[in-house]
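What follows is a single structure, written as structure tokens, with notes after it.
Just so it is clear, the values below take in all heavy atoms, side chains as well, and ignore hydrogens, waters and symmetry mates. By convention in this document, chain letters (A, B, ...) are assigned in the order of the sequence lines, proteins followed by strands, and residues within each chain are numbered from 1.
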2 protein chains.
Amino acid sequence: MPEITGHTRVFAILADPITQVKAPQGLNRIMAERGVDGVMVPLHVAAADLATVLAGLRAVQSFGGAIITVPHKTAIVPLLDRVSEAARLVGAVNAVRREADGRLVGEILDGAGFVAGLRAAGHELLGRSAYLAGAGGAANAIAFALAEAGVSRLTVHNRTAGRVEDLFARLRRLAPDLPLALGSPDPAGHDLVVNATSLGLRPDDALPLDPAGLAPDQLVAEIIMQPAETPLLTEAAARGCRTHPGLPMLEGQLALMADFLGMRP
Amino acid sequence: MPEITGHTRVFAILADPITQVKAPQGLNRIMAERGVDGVMVPLHVAAADLATVLAGLRAVQSFGGAIITVPHKTAIVPLLDRVSEAARLVGAVNAVRREADGRLVGEILDGAGFVAGLRAAGHELLGRSAYLAGAGGAANAIAFALAEAGVSRLTVHNRTAGRVEDLFARLRRLAPDLPLALGSPDPAGHDLVVNATSLGLRPDDALPLDPAGLAPDQLVAEIIMQPAETPLLTEAAARGCRTHPGLPMLEGQLALMADFLGMRP
């Protein structure tokens with residue numbers, strides 16, 4: 001990494017927990033490659049403190065912006081001055097840019113990054129059926145990206161069904177012909193199975209779905225980056241499924257994030 | 001610098017302007033030498049935003065603390081949960097540590113650093129007469145350190161005389177026998193002449209004192225670090241004075257700061 005001086009622009013990632021984040025490594029590498037005098041640091045921020053921390057960062061003139069991750073992606077939306085159309089529809093943000101006047105602008109790059117990561121691994125989505133566990137910020141972003149990528153139908157399972165119905169209402173505005181179904185914990189009968197919950201981040205988490213419904217013709221994908229092999233991926237591999245870990249989603253969107261955050265020399 | 005990960009502890013320097021600060025270079029070097037997984041970044045914070053930014057940093061669990069410099073050293077005192085006895089007497093803070101529970105503790109290391117820097121350059125203070133320009137945070141810290149170092153008398157010049165009287169009232173509690181005098185812009189008749197104002201930071205600043213009063217038997221010292229040679233030091237050198245730049249004050253206190261901020265492996 002280049003030396004940090006009084007001229008260095010500061011970027012952050014906001015998360016809770018924080019130790020598993022990979023964005024500082026990725027974006028500090030990209031900034032070094034691009035010759036940008038900037039640094040990304042990890043800020044451990046509890047959900048209850050998000051508004052306070054954001055107000056502080058808004059007032060820091062050398063602050064360029066932040067990556068936003070669990071548990072802040074949805075909660076941050078009303079705290080920003082402006083969000084993109086995609087972020088508004090998804091109801092979540094995973095990148096915030098600080099403009100020179102202090103305004104904070106949000107964007108969601110999760111979904112595009114997830115699809116780009118699948119494609120880079122050789123997995124095409126057009127015409128495939130998809131099962132999604134979760135209806136939070138990341139799940140919303142992935143649902144919209146799966147619809148855009150042309151899946152044949154989409155099933156969403158979430159502990160709180162109301163959040164799924166809310167997601168479907170917004171999805172129908174963008175993709176009125178896409179068959180949508182409220183799912184159960186059973187992922188059987190779908191080509192693609194995606195965990196977009198945070199279950200698997202902690203060692204004692206429950207599985208996000210019932211692994212008995214997994215079969216060898218399925219591709220099982222994660223959004224969790226650490227551990228790289230979650231209990232779900234272990235179960236899926238044991239049942240003969242192809243698996244796709246969480247890291248490619250971040251890899252897929254690092255360049256998109258750097259562009260959005262204005263990381264230019 | 002070592003790679004920044006989700007485990008890295010974040011430190012900051014708060015200043016306005018920011019580009020001239022040298023603490024990130026110094027403390028990132030010390031942390032690397034000590035094997036500390038931490039990083040110091042420059043936060044450009046206007047005076048009016050200090051309370052907001054501090055409230056935000058207090059809520060960041062991976063934030064370890066900050067170096068505080070112009071213009072925040074005095075204003076920050078009432079915003080902290082606890083300050084050292086030295087900082088209370090000086091009425092200023094230049095280092096803030098964040099405790100695990102979020103409490104912010106302030107310390108002042110300017111004065112000790114300034115005296116350590118002079119001594120490292122071979123300048124003894126015991127029995128010497130001293131002239132100090134300024135009565136802000138740094139000037140207060142240096143006045144207390146000069147009194148502790150045993151100067152024979154201390155003259156302080158400041159645009160606002162009320163601030164000097166306030167400083168003297170507090171100094172007398174610590175050093176009741178030290179002769180104190182309210183100065184004019186003329187530094188004549190003192191062995192040591194110190195600029196502890198921020199005049200000289202910007203190219204169009206006025207001089208902090210009248211250089212016509214400088215003579216070859218005087219040592220003229222700066223607290224400004226960039227530019228290394230301020231207009232005052234140029235004038236002093238032209239008049240045959242020995243000069244002492246601002247950087248050694250920081251060098252003198254970098255290790256003290258690292259210790260106070262808990263920069264241990």
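Contact of A/E3 with chain B is made through the side chain alone, with heavy-atom distances under 4.5 Å. Both the backbone and the side chain of A/V60 come within contact range of chain B, judged by heavy atoms closer than 4.5 Å.
The minimum heavy-atom distance linking B/P24 with A/I4 is given by the pair CB-O, 3.7 Å. Closest non-hydrogen pair, A/A55 versus B/T52, comes out as O-CG2, 3.5 Å. Pairing each heavy atom of B/V21 with each of A/G6, the nearest pair is CG2-CA, 3.7 Å.
Between chain B and the options A/L54, A/D16, A/L50, A/V10, the largest number of non-hydrogen pairs under 4.5 Å is found for A/V10. Listed options A/L14, A/T19, A/I13 were ranked by heavy-atom pairs under 4.5 angstrom with chain B; first place goes to A/T19.
If you take CD on A/Q61 and CD1 on B/I18, they are separated by 9.5 Å, rounding to the nearest 0.5 Å. Rounded to the nearest 0.5 angstrom, B/K22 NZ and A/T5 OG1 are separated by 7.5 Å.
Along residues 91-106 of chain A, no residue comes nearer than 4.5 angstrom to chain B, judged on non-hydrogen atoms. Of all residues spanning residues 194-206 of chain A, none has a heavy atom less than 4.5 Å away from chain B's heavy atoms. Listed by sequence position, A/V39, A/M40, A/V41, A/P42, A/L43, A/H44, A/V45, A/A46 are the residues of residues 30-48 of chain A in contact with chain B, using a 4.5 angstrom heavy-atom cutoff.
Checked against salt bridge (charged side-chain N to carboxylate O under 4.0 Å, His left out), B/R88 has the following partners two or more places apart in sequence or in another chain: B/E85.
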